[in-house]
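This structure is a prediction, so every number in the text was calculated from the model and none was measured. Chain letters run A, B, ... following the sequence lines, proteins first and then strands; every chain starts at 1.
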Amino acid sequence: MDGLTQSHTGRSGFPPAYLDRVGSSFTDFLGVTAPDLLPGRRPVPQIPVGDLTPHGTTIVAVTYDGGVLMGGDRRATMGNLISSRDIEKVYPADSWSVIGIAGAAGIAIEMVKLYQVELEHYEKIEGLTLSLDGKANRLAQMIRGNLGAALQGLAVVPLFAGYDLDAAPGTTPGRIFSYDVTGGNYEERGYSAVGSGSLFARNSLKKTWRPGLDGDTATRSLVEALYDAADDDSATGGPDPVRRLYPIVYRVDAEGAVRLTDDDVAAVAGTITDERAAAEGQG
Amino acid sequence: MTMPYYASPEQLMRDRSEYARKGISRGRSVAVLTYADGVLFIAENPSSTLHKVGEIYDRIGFAAVGRYSEFESLRVAGVRLADVRGYSYNRRDVTGRVIANAYAQTLGEIFTQQTKPFEVELCVAEVGEVAEGDQLYRLTFDGSVVDEPDFIVMGGQADAVTARLREDFRSGLDLREALMVGVRALSASSPAMSGSSNATANGGGDGLLPASQLEVAVLDRRRPKRAFRRVVGAALGSLLGDRSAGDGTAGEAAGGATHAHTPSAPQPGTPAGLGDPAAPDTAGGTAGSGEGSGPQTGPADGVGGGTDGGTDGGTDGGTEGATSS
């Protein structure tokens, strides 16, 4: 803490650790100069506290011919309560990758923030970006540090996806990585989902997703998976036309990571609800 | 070791200043200019991997001359300070003044307390929402910090370049004009351009430094988050292009620029999403990354040799890749 306080005043020079050339990781650097700022370095609660904190729910990612899409619903729950209707659970990690989070919202958002700085820090110091596998591995190490808290109900399980600039010709450049609470890191083929509604989302994708989908079809299949998850999982929120709240969807392609506008997602969600309503009418 | 002779503190300080000044003036010059949309960095630097200009934070850039290993460790310290501060407070709470202060303190301590002062001179530049908000701080080897308007020239024949810039510089130039003003001033005093044989060999028949000898970057206030962007390859060629009709290097580079309107290209490794999607070298990061160079000696900065062996192997070959497109 000493080093941090000094540097924050701006009235004193850099503490010695700042001038040490070794290392281009922001997390490692914080571990030396200000370990209390890192999640995973704090005392773990002695009793389960899972019901006391908001939890984020379903995140879905699908690949398509030009890259990868990731979307998340907007609900956070605390026990039987809906603690937020408009939480954002999908973030750009850097310019070529996105991260979605399920689990204890407070820790998850802190972790995303740290992860974003980690990637940018590396890029500035080294002058080039990490490989996609390197980024995925770095995230696994962060999750691993949270295992103690996870066992007390504060699990954080991310979903990571990105556009692989080094992809071999003929392979799909959009790639998805999933994680477990122990930091296990698994590359997924085609699509994946995490969170309480992931079972239903996956089942939906099983029927609608095919390799080599175009962007629009893949977007529809992703929003529909979230719709199906919300249908059967009480902790996942569906599209909310009353408040104009729709899933957050990011697209990562050769141009970088872009968030789809609410209007675009609303249109897709509108089509899906209309078709379902029509199907009910016929039945 | 004994100290057989007495040296007065004044004498000691003078000797150190002399030493540092000599080291700095042996290198090549860097100019930092304000222009209509932000701040422009121009360094005479034949290396495309050992940078003299770098990004510190969203709105803050860094330029340095002198001994590479010394200013590189200062640059890394600046990035660390900015990131720690931005992480523990908010991104908006990272200002150029904080970074400049930390540099000033550190350089001052080193100058007074260590036998060998750092042979570096730094510029910390911050781009504001409007042109009036732009800040240029000059930091010298003894820790003094000066807030300068318009432009800063450091290293090499700094006085000659400054004199030249003072004649040509106007505030509110556009990027192309500002680049020409800067390159003209640097070329006039560049040792690389002094010999007539050199001038023609470099393709600068007009007596200007070619793109291959320049490191150019901007802090562009119009960019949404990270304002820093390197201008490399075809984009740089096209900006320099109109100065020489159909001669060697410059002409070729201009020919490669299919998007004449493109003001500059994103830094290799940053996405097109943050730059102009039409820029030809958006994916430049893929081209030659990993092209590594182990320990190298410093760029022609005379004092080199102390180059940090750990310098990232493979800072990026986007430049070449893009130029040949």
Ignoring hydrogens, what is the shortest heavy-atom contact between Glu72(B) and Ile125(A)? Give both atom names and the distance. OE2-O, 4.5 Å
A side-chain contact here means heavy atoms from C-beta on lying under 4.5 Å apart; do [X] and [Y] qualify?
{"X": "Lys124(A)", "Y": "Ile56(B)", "value": "no"}
{"X": "Tyr18(A)", "Y": "Val84(B)", "value": "yes"}
{"X": "Leu30(A)", "Y": "Tyr87(B)", "value": "yes"}
{"X": "Leu19(A)", "Y": "Arg80(B)", "value": "no"}

With respect to chain B, which residue among Asp253(A), Val117(A), Leu114(A) yields the maximal number of heavy-atom pairs within a distance under 4.5 Å? Leu114(A)
Rounded to the nearest 0.5 Å, what's the gap from CD1 on Ile99(B) to CZ on Phe14(A)? Could you check? 6.0 Å
Pair Glu120(A) + Arg91(B): basic N to acidic O under 4.0 Å: yes
Using non-hydrogen atoms and a 4.5 Å limit, figure out which bit of Glu118(A) sits close to chain B: side chain, backbone, both or neither. neither
